[in-house]
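What follows is one structure encoded as structure tokens, with my remarks underneath.
The basis for the numbers below is simple: all heavy atoms, side chains too, and nothing from hydrogens, waters or symmetry mates.
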Amino acid sequence: GEVYQTTGNIIGSGIFISPKGVLEHAGSVGLSLIVWVCGGGICTLGSMCYAELGVTIPKSGGDYSYVTEIFGGLVGFLLLWSAVLIMYPTTLAVIALTFSNYVLQPAFQDCLPPYIATRLLATICILFLTWVNCSSVRWATRIQDVFTVGKLLALALIIVVGLIQIGRGHYDALQPSVAFEFHQEPSVGQIALAFLQASFAYSGWNFLNYVTEEVVDPRKNLPRAIYISIPLVTLVYTMTNIAYFSSMTPEELLASNAVAVTFGEKLLGMFSWVMPISVALSTFGGINGYLFTSSRLCFSGAREGHLPYLLAMIHLKNCTPIPALLVCVSTALPILFTLKMHNLINYVSFINYLSYGVTIAGLLYLRKKRPNLPRPIKVNLLIPVTYMVFWAVLLCFSLYSEPVVCGLGMVIMLTGVPVYFLGVRCKEKPKWIYRLVERVTYMGQKLCYVVFPQEDPSETSPLTASKAID
């Protein structure tokens, strides 16, 4: 079950978005395939570190819970702040734009779909799925199960057709002499950005750490899920990219706005319509999954007192976290209309890697500070150290190559510092602030028809949504 969950969570719409960005920054087919394989290896190292943290600090909430426990409130709050303001909304925006690109591309075969059309369709999709998540937990989980089939069908079709093409001798772009012809001179900075693009497709590898309390026998099942699922995902992603290059030149892939659609048009003939439909189903399910997960993180934040308690409330009848969902959507929609998708991926992947690095630094700190703490899983010290070296090189060169995009993410993250000290740490606030918060909470309760799931708000469980399913 854990293997299926992890594999399903990692394999998302990223594989239909990232190949273009990876190839663009890597500069050649051969180097882009190496980036895909190494990206999976780096995720394996990170997952092994997270497995140790997951059983040492058996709390749901992932990075946020571990960092709060190890480094204290401020660092934990900054991670939560960046997740709520950057990671989840930006990822939602990217997946929604992919959905609209794949739906509209067949209607605009000779040109890119209009800017406003893709944004409007993406907005409608996000709003519709927010309504579904607000209406019923059961509907939301059913959509997730059904639409997972879409992405697996699309990838299986791409890989099988690609292998048939290679069997027929169509592998010119994959021959070593051609594969390492660079369309731009490779630099460490560009390769770092290629890794950021690939990491967007691999995001989700730490999914089980958000639900550690629900995992049966995590000591045995967490490592098993990692050792099976991540190599499997790496194989699928690498084979998908090889399949793309069996029928498309690097120039054609870079010119395409919807890679799988272009692939389908070239190879599937009258059945080319299968491709945009499969990817649209995949991305639709992806948006739904991110809406569900982000509300869970808000529950964890509200339990720690880092977010307003209104976000830990659920609908009186439907048991859905409406305020948390509305916050996520209200931050995602403005992002849709700001940056290009390529920049959005660099932006969110940079912040993602920043939080992974801080969490794994926490593992090293905990080893030194509390060496006698019971650790049912204990990884070799070389694994977190290797990850941290890679992490430092990647972030430094990404920041050097894309200072504005990556720097913007850091600035937004650091705006959480005054918010933490004024909003969370400072206990002696003016009375009018308490009255205002009370009034907003009361109005939010009346508008959304929500209440605390338990009598004591400080005991609000981050797993309320999943309990509601049961």
Given the rule in the side chain to side chain donor-acceptor pair (under 3.5 Å) test, do Ser18 and Trp36 qualify, once you have shown the distances and angles that lead to the verdict? CA-CA 10 Å; Ser18 297; Trp36 281 105; over 6 Å; no

Nearest-0.5 Å distance, [atom1] of residue [X] to [atom2] of residue [Y]:
X      : Y      : atom1 : atom2 : result
Met275 : Glu265 : CE    : CD    : 11.5 Å
Leu85  : Leu78  : CG    : CG    : 11.0 Å
Leu235 : Thr240 : CG    : OG1   : 9.0 Å
Leu354 : Ile86  : CG    : CD1   : 9.0 Å
Cys125 : Ile95  : SG    : CD1   : 10.0 Å
Ile166 : Tyr171 : CD1   : OH    : 9.5 Å

Test your reading of the model: is there a side-chain donor-acceptor pair from [X] to the backbone of [Y], 3.5 Å cut-off?
X      : Y      : result
Thr331 : Cys328 : yes
Gln445 : Val450 : yes
Tyr227 : Thr44  : no
Ser355 : Asn352 : yes
Ser282 : Ser278 : no
Tyr237 : Gly39  : no
Thr118 : Tyr115 : yes
Ser32  : Leu23  : no
Asn288 : Phe284 : no
Tyr309 : Thr441 : no

Hey, are the side chains of [X] and [Y] touching, using non-hydrogen atoms and a 4.5 Å cut-off?
X      : Y      : answer
Glu181 : Val29  : no
Phe200 : Thr91  : yes
Leu127 : Leu333 : yes
Phe77  : Val419 : yes
Met239 : Val236 : no
Lys20  : Ile345 : no
Asn318 : Tyr449 : no
Ile351 : Ile412 : no

Taking all atoms of both residues into account, what is the closest heavy-atom pair of [X] and [Y], and its distance?
X      : Y      : answer
Ala194 : Ala26  : CB-N, 4.0 Å
Leu157 : Val274 : CD2-CG1, 3.7 Å
Ile126 : Ile287 : CG1-CG2, 4.4 Å
Cys43  : Tyr202 : SG-CB, 3.5 Å
Leu196 : Tyr353 : CD2-CD1, 3.8 Å
Ile230 : Ser47  : CD1-OG, 2.9 Å

Ring centres of Phe195 and Phe390 under 6.0 Å apart? yes

Would you please indicate if the ring centroids of Tyr356 and Tyr387 are separated by under 6.0 Å? no

How far apart are the C-alpha atoms of Ile242 and Leu163, what are their side-chain angles, what is the distance that settles it, and do they pass the side chain to side chain contact (heavy atoms under 4.5 Å, CB included) test? CA-CA 9 Å; Ile242 288 171; Leu163 289 174; 6.0 Å; no

Determine, step by step, whether Leu310 and Met313 satisfy the side chain to side chain contact (heavy atoms under 4.5 Å, CB included) criterion, reporting the C-alpha distance in whole Å, the side-chain angles of both residues, the deciding distance to 0.1 Å, and the verdict. CA-CA 5 Å; Leu310 179 63; Met313 294 186 184; 3.8 Å; yes

Kindly write out the residues that satisfy side-chain hydrogen bond (donor to acceptor under 3.5 Å, both in side chains) with His306, not counting sequence neighbours, or none if the list is empty. Tyr64

Check whether more than 12 heavy atoms from other residues, nucleotides or ligands sit under 6.0 Å from atom OH of Tyr400, and answer yes or no. no

In this structure, are over 12 heavy atoms from other groups packed under 6.0 Å from Met410 atom CE? no

What pairs with Glu252 under salt bridge (charged side-chain N to carboxylate O under 4.0 Å, His left out), at least two apart in sequence or on another chain? Lys266

Side chain to side chain contact (heavy atoms under 4.5 Å, CB included) assessment of Leu344 paired with Leu97: CA-CA 11 Å; Leu344 284 174; Leu97 284 172; 4.2 Å; yes

Carefully, step by step, assess Ile277 and Leu281 under the rule side chain to side chain contact (heavy atoms under 4.5 Å, CB included). CA-CA 6 Å; Ile277 288 174; Leu281 292 177; 4.3 Å; yes

